[in-house]
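Worth saying up front: this structure is predicted, and the values here are computed from it rather than measured. Residue numbers start at 1 and run along the sequence shown.
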Amino acid sequence: MIEFKNISKVYGNNHIALSNINLNIKKGEFVFLVGPSGAGKTTFIKLLLKEIEPTNGEIIVNGTNITQLKRKKIPYYRRNIGVVFQDFRLLSDKTVYENIAFAMEIADVSSKDIKRRVPQLLALVGLINKEKLYPHQLSGGEQQRVAIARALANNPSLIICDEPTGNLDPDNSWAIMELLNEINKSGTTIVMVTHAKDIVDRMKKRVIALEKGVIIRDEQRGVYGYED
């Protein structure tokens, strides 16, 4: 599914963000990416999304070498990836329904398929009666559920979660993690950046720990392993 081959990223100020990273993430895995601030987690995500290019190495996603991907094909590549952010990033002037539909509209999905798909997604994330509300009318947990529905809109094989529980209270955090776990059980690969020690320790998923740009630990059923 995802393979990093000898990946390094050095920024212009000679800052080494990642150094000789080699890893494989299989289809259907749920992986936590952990580490202190500045460890290289954000660079890892940006490389996966092809927002930046590696200094050295190759990245293979779903059999495609994305380091050789032409610029015009990048939008099509990204359609197969859903992204969930800490700050939700919903469009404030659009309803719940419209936020989810918009992700499909820009992917040229037909109106008929949008009308069929959006209610299915709302049911999946437990917001079936919230479609006409605007983001400011929702709780933080509800906004993150909309963001997850939007991430799933185009049936991605991979979801990247960047601190998805960072702005939520413990109860909403666990509700979101249970939802992501169910999505993962359906076969969607999930890579999640987090500082939430309690979540990582309780979920017992694969943990990849970064520190100063290198992988210091890669464990199945791992623990967070840091004192923040």
(request) With rounding to the nearest 0.5 Å, note down the distance linking CG in Leu124 to CD1 in Ile183. (result) 5.5 Å

(message) Any heavy-atom pair between the side chains of Lys130 and Gln137 that's under 4.5 Å?
(response) no

(request) Return the minimal non-hydrogen interatomic distance between Ile7 and Pro54, and the atom names on each side. (result) CD1-CB, 3.8 Å

(request) Taking ring-ring contact (aromatic ring centres under 6.0 Å, His included) as the test, write out the residues that go with Phe4, two or more places apart. (result) Phe44

(message) On a heavy-atom basis, which atom in Lys27 and which in Met1 lie closest, and how many Å separate them?
(response) N-CB, 3.4 Å

(message) Which heavy atom of Arg150 sits nearest to which heavy atom of Ala103, and what is that distance?
(response) CG-CB, 3.7 Å

(message) Is it true that, when you exclude Lys73 itself, more than 12 heavy atoms of the residues, nucleotides or ligands shown sit nearer than 6.0 Å to its NZ?
(response) no

(request) Following the transitive rule for hydrophobic clusters with a side-chain heavy-atom cut-off under 4.5 Å over Ile, Leu, Val, Met, Phe, Trp and Tyr, establish whether Val31 and Ile216 coincide in one cluster. (result) no

(request) Under 4.5 Å between side-chain heavy atoms, chaining through other members, with only Ile, Leu, Val, Met, Phe, Trp and Tyr counted: pull out the rest of the cluster around Ile128, sorted by chain and number. (result) none

(request) Determine, step by step, whether Val125 and Val146 satisfy the side chain to side chain contact (heavy atoms under 4.5 Å, CB included) criterion, reporting the C-alpha distance in whole Å, the side-chain angles of both residues, the deciding distance to 0.1 Å, and the verdict. (result) CA-CA 7 Å; Val125 301; Val146 178; over 6 Å; no

(request) Using side-chain contact (heavy atoms from CB on, under 4.5 Å) as the criterion, list what pairs up with Ala151, not counting sequence neighbours. (result) Val84

(request) Considering only Ile, Leu, Val, Met, Phe, Trp and Tyr, and joining two whenever side-chain heavy atoms are under 4.5 Å apart, list the other residues clustered with Phe102. (result) Leu91, Ile106

(request) Please round to the nearest 0.5 Å and tell me the distance separating atom CG of Leu49 and atom CD1 of Ile160. (result) 4.0 Å

(request) Verify whether one side chain among Asn62 and Ser157 offers a donor that lies under 3.5 Å from an acceptor in the other. (result) yes

(message) Is there a continuous path of hydrophobic side-chain contacts, each under 4.5 Å between heavy atoms, that joins Ile190 to Tyr224?
(response) yes

(message) Using a strict threshold of under 4.0 Å (side-chain N to carboxylate O), is an ion pair present between Arg145 and Glu142?
(response) no

(request) Ignoring hydrogens and angles, state whether a donor on the side chain of Asn6 or Asn22 is under 3.5 Å from an acceptor on the partner side chain. (result) yes

(message) Quick check on the hydrophobic clustering: are Ile176 and Met192 connected, directly or via other members, by side-chain heavy-atom contacts under 4.5 Å?
(response) yes

(request) Could you name each residue pair satisfying salt bridge (charged side-chain N to carboxylate O under 4.0 Å, His left out) that touches residues 106-122, not counting sequence neighbours? (result) Arg79-Asp108, Asp113-Arg116

(request) Show the numbers, then the answer: is there a side chain to side chain contact (heavy atoms under 4.5 Å, CB included) between Lys204 and Arg221? (result) CA-CA 4 Å; Lys204 296 290 190 287; Arg221 297 179 62 82; 4.0 Å; yes

(request) May I ask you to decide if Pro164's main-chain N or O and Gln144's side chain share a donor-acceptor pair within less than 3.5 Å? (result) yes

(request) Not counting sequence neighbours, which residues clear side-chain contact (heavy atoms from CB on, under 4.5 Å) with Ser173? List them please. (result) Thr165, Leu168, Ile199

(request) Measure across Arg206 and Ile25 and return the closest heavy-atom pair with its distance rounded to 0.1 Å. (result) NH1-CA, 3.8 Å

(request) Drop me the distance from Ile114's CD1 to Leu121's CG, to the nearest 0.5 angstrom. (result) 11.0 Å

(message) Would the distance check show the side chain of Asn99 and the main-chain N or O of Ala147 forming a donor-acceptor pair, the cut-off being under 3.5 Å?
(response) no

(request) Indicate if Leu158 and Ile66 have the same hydrophobic cluster label, given that clusters are the connected sets of ILVMFWY residues with side-chain heavy-atom separations under 4.5 angstrom. (result) yes

(request) Using a 4.5 Å cut-off on heavy atoms from C-beta on, say whether the side chain of Ile81 contacts that of Leu48. (result) no

(message) My understanding is that only one of Ile21, Ile52, Thr67 makes a side-chain contact (heavy atoms from CB on, under 4.5 Å) with Leu47; could you say which?
(response) Ile52

(message) Which residues end up grouped with Tyr134 if you chain together Ile, Leu, Val, Met, Phe, Trp and Tyr wherever their side-chain heavy atoms are less than 4.5 Å apart?
(response) none

(request) For the pair Lys41 (side chain) and Gly35 (backbone), establish whether a donor and an acceptor sit closer than 3.5 Å, ignoring hydrogens and angles. (result) yes

(message) Can you list everything that forms a ring-ring contact (aromatic ring centres under 6.0 Å, His included) with Phe30? Sequence neighbours excluded, please.
(response) Phe32

(request) Taking all non-hydrogen atoms of both residues into account, name the closest pair between Glu3 and Lys5 and its distance. (result) OE2-CE, 3.1 Å

(message) The criterion is side chain to side chain donor-acceptor pair (under 3.5 Å); which residues satisfy it with Asn56, sequence neighbours excluded?
(response) none

(message) Just verifying a value: how many Å separate Ile100 CD1 and Leu122 CG, rounded to the nearest 0.5 Å?
(response) 4.0 Å

(request) Kindly determine whether Leu138 and Val96 satisfy side chain to side chain contact (heavy atoms under 4.5 Å, CB included), including the steps that lead there. (result) CA-CA 9 Å; Leu138 304 173; Val96 167; 3.6 Å; yes

(message) To the closest 0.5 Å, what do you measure between OG (Ser139) and CG (Asn172)?
(response) 5.5 Å

(message) Using a 3.5 Å distance criterion without hydrogens, assess whether the side chain of Asp218 forms a donor-acceptor pair with backbone atoms of Ala209.
(response) no

(message) Hydrophobic clustering (ILVMFWY, side-chain heavy atoms < 4.5 Å, transitive) - are Leu90 and Ile159 grouped together?
(response) yes

(request) Looking only at non-hydrogen atoms, find the nearest pair between Pro135 and Lys94 and report the distance. (result) CD-O, 3.2 Å

(request) Enumerate the residue pairs fulfilling salt bridge (charged side-chain N to carboxylate O under 4.0 Å, His left out) with a member in residues 45-58, sequence neighbours excluded, ordered by first and then second residue. (result) Lys50-Glu53

(request) Using atom types as modelled and distance alone, determine if a side-chain donor or acceptor of Ser8 lies under 3.5 Å from a backbone N or O of Ser19. (result) no

(message) Could you work out, with side-chain contact (heavy atoms from CB on, under 4.5 Å) as the rule, every residue matching Gln86, not counting sequence neighbours?
(response) Glu163, Asn167

(message) Suppose the criterion is ring pair (Phe, Tyr, Trp, His ring centres under 6.0 Å): which pairs have a residue in residues 67-90, not counting sequence neighbours?
(response) none

(request) Could you check if a side-chain atom of Leu210 sits within less than 4.5 angstrom of a side-chain atom of Leu33, using non-hydrogen atoms only? (result) yes

(message) So, taking the atom named CD in Glu29 and the one named CG in Asn184, what distance separates them when rounded to the nearest 0.5 Å?
(response) 9.0 Å

